[in-house]
Amino acid sequence: MKITLQQAVKLLAAGGVVAVPTETVYGLAARADNPEAISRIYAIKNRPADNPLICHFHSVAQIRKYAAALSPLTLLLLHKFSPGPISFLIELKPGSPLRRASAGRKYMVARIPLHPMLLKLLRELDAPLAAPSANTSGRVSTTTAMMVQKDLGSRIDGVLDGGPSVIGLESTIVDARKDGAVKILRPGVVGIYEIQHLLKGKKAAVSYQVSGSNTPGTRYRHYAPETPLYRISKERQLKDESHCVLLCTSEDLDAMSPATKSAFAGKGVIVLSLGSVHQLSRVARNLFFTLTRIDEMKVRKAYYLENDWGSSSLGVAIRNRLEKACG
Ligand code: TXA
Ligand code: MG
């Protein structure tokens, strides 16, 4: 059910759980300081109890109320990139009411979102919101109110429709707690280049650290359509396949011979384009929607014709999500 901003404020204040738009993906929100509401998020998503939730704030001042300390690097990046699609690992004050949202950890992951509706909501509520991506655990993140409705519809108290998420991939998560190093734990639209550019002249190494048991998003299966998705490197590998989906770039699709295309059509091989390697923002924006379309095709298997995506921040993030989507 779609709700207005005022209804969302009221529902959340009373301990409700509602889906909210963000510039990255839709979030499933509840007051981060309300343990019962947090439990409902876990139940609705069927999320493993030890997987902590990102907390959303309207300002650095509000983060400070809950943070034990903000390292100089964290502060610098917060001021430069927030509000925006970047989240930070931040130590909580002892006894913090956000400990439950952080699954009992001493650290939270915090961000200040850019979406104007969500920022307004956060200001009016004046309480932090825990909001993991608004999808059943393990499934594809949602980027429109319609996708949320289809996945979680009857289980939540409402959806605030703020239009399609303009970025389409979850926020970059960074650990900038120590001097001299910024670790990118989950790649996103803000990447090594943007952070390095900002830190020019300062002695800090910026690196991706996207695997390891402590890294967000690596312990559980993520971003996957229900249909099993397999990576292939050549379309020839599908010569004996029928009734399946082939996911590829528009360049790969253009390069396919007419004979291959008609053979695919004859055997029920449905080709879905991810978009052009020259328009990565568009690929990112449509990625999760395209992955959900695989399931709508009602086939038993899907294949992803692997592409490199390059070394830009978005390229790295797109490759990361597609790798995770493959079983
Ligand atoms: O763009 C985003 O970040 C979206 C929107 C809604 O803000 N949220 C999002 O949340 O992607 P979620 O829960 O789907 O992904 C957050 C990741 C998870 O892999 C979780 O394990 C990790 O961040 N995380 C959250 N809090 C953490 C903490 N305190 N310590 C370590 N990892 C944490
Ligand atoms: Mg998620």
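We count ligands from 1, going down the list as the structure has it; atoms in each ligand are counted the same way.
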TODO: Would you indicate whether the side-chain heavy atoms of Gln237 and Tyr303 approach each other to under 4.5 Å?
DONE: no

Open item on the list: If you count heavy atoms of other groups shown closer than 6.0 angstrom to CZ of Phe289, is the number above 12?
Closed with: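 Incorrect, the count does not exceed 12.
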
Using a 4.0 Å cutoff against the non-hydrogen atoms of [X], which atoms of ligand 1 qualify?
{"X": "Gly27", "value": "6 (C)"}
{"X": "Ser171", "value": "1 (O), 2 (C), 3 (O)"}
{"X": "Thr24", "value": "1 (O), 2 (C), 4 (C), 5 (C)"}
{"X": "Pro132", "value": "10 (O), 12 (P), 13 (O)"}
{"X": "Arg105", "value": "30 (N), 31 (C)"}

Checking contacts here: is it the side chain or the backbone of [X] that comes within 4.0 Å of ligand 1, counting heavy atoms only? Could be both or neither.
{"X": "Ile173", "value": "side chain"}
{"X": "Val109", "value": "both"}
{"X": "Ala131", "value": "backbone"}

Task: Charged tip of Arg177 within 45° of Phe88 ring normal and under 6.0 Å - done: no

Of the listed options [options], closest to [atom] (non-hydrogen atoms):
{"atom": "atom 18 (C) of ligand 1", "options": "Arg47, Met108, Glu91, His56", "answer": "Arg47"}
{"atom": "atom 9 (C) of ligand 1", "options": "Ser137, Ser133, Ser87", "answer": "Ser133"}
{"atom": "atom 21 (O) of ligand 1", "options": "Val25, Asn51, Val189", "answer": "Asn51"}

- [ ] Looking only at non-hydrogen atoms, find the nearest pair between Pro187 and Val316 and report the distance.
- [x] CB-CG1, 3.9 Å

Do [X] and [Y] sit within salt-bridge range, that is, some charged N less than 4.0 Å from a carboxylate O?
{"X": "Glu36", "Y": "Arg40", "answer": "no"}
{"X": "Arg319", "Y": "Asp308", "answer": "yes"}
{"X": "Glu296", "Y": "Lys150", "answer": "yes"}

Is [X] in polar range of ligand 1, meaning some N or O pair under 3.5 Å apart?
{"X": "Tyr107", "value": "yes"}
{"X": "Lys45", "value": "no"}
{"X": "Tyr26", "value": "no"}

TODO: Return each pair, listed once, that meets salt bridge (charged side-chain N to carboxylate O under 4.0 Å, His left out) where at least one residue sits in residues 4-32; pairs must be two or more places apart or across chains.
DONE: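 Listed once each, the pairs are Glu23-Arg111, Arg31-Asp33.
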
- [ ] Could you tell me whether the side chains of Arg155 and Thr136 share a donor-acceptor contact shorter than 3.5 Å?
- [x]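 Checked: Arg155/Thr136 side chains pair up, N/O donor to acceptor below 3.5 Å.
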
Open item on the list: Under 2.8 Å from the Mg ion (ligand 2), is there any N, O or S atom belonging to Ser137?
Closed with: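 Ser137 does not place any N, O or S atom closer than 2.8 Å to the Mg ion (ligand 2).
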
- [ ] Go through the steps to decide whether Leu246 and Ile232 satisfy the test side-chain contact (heavy atoms from CB on, under 4.5 Å), and finish with yes or no.
- [x] CA-CA 10 Å; Leu246 172 61; Ile232 55 171; 4.0 Å; yes

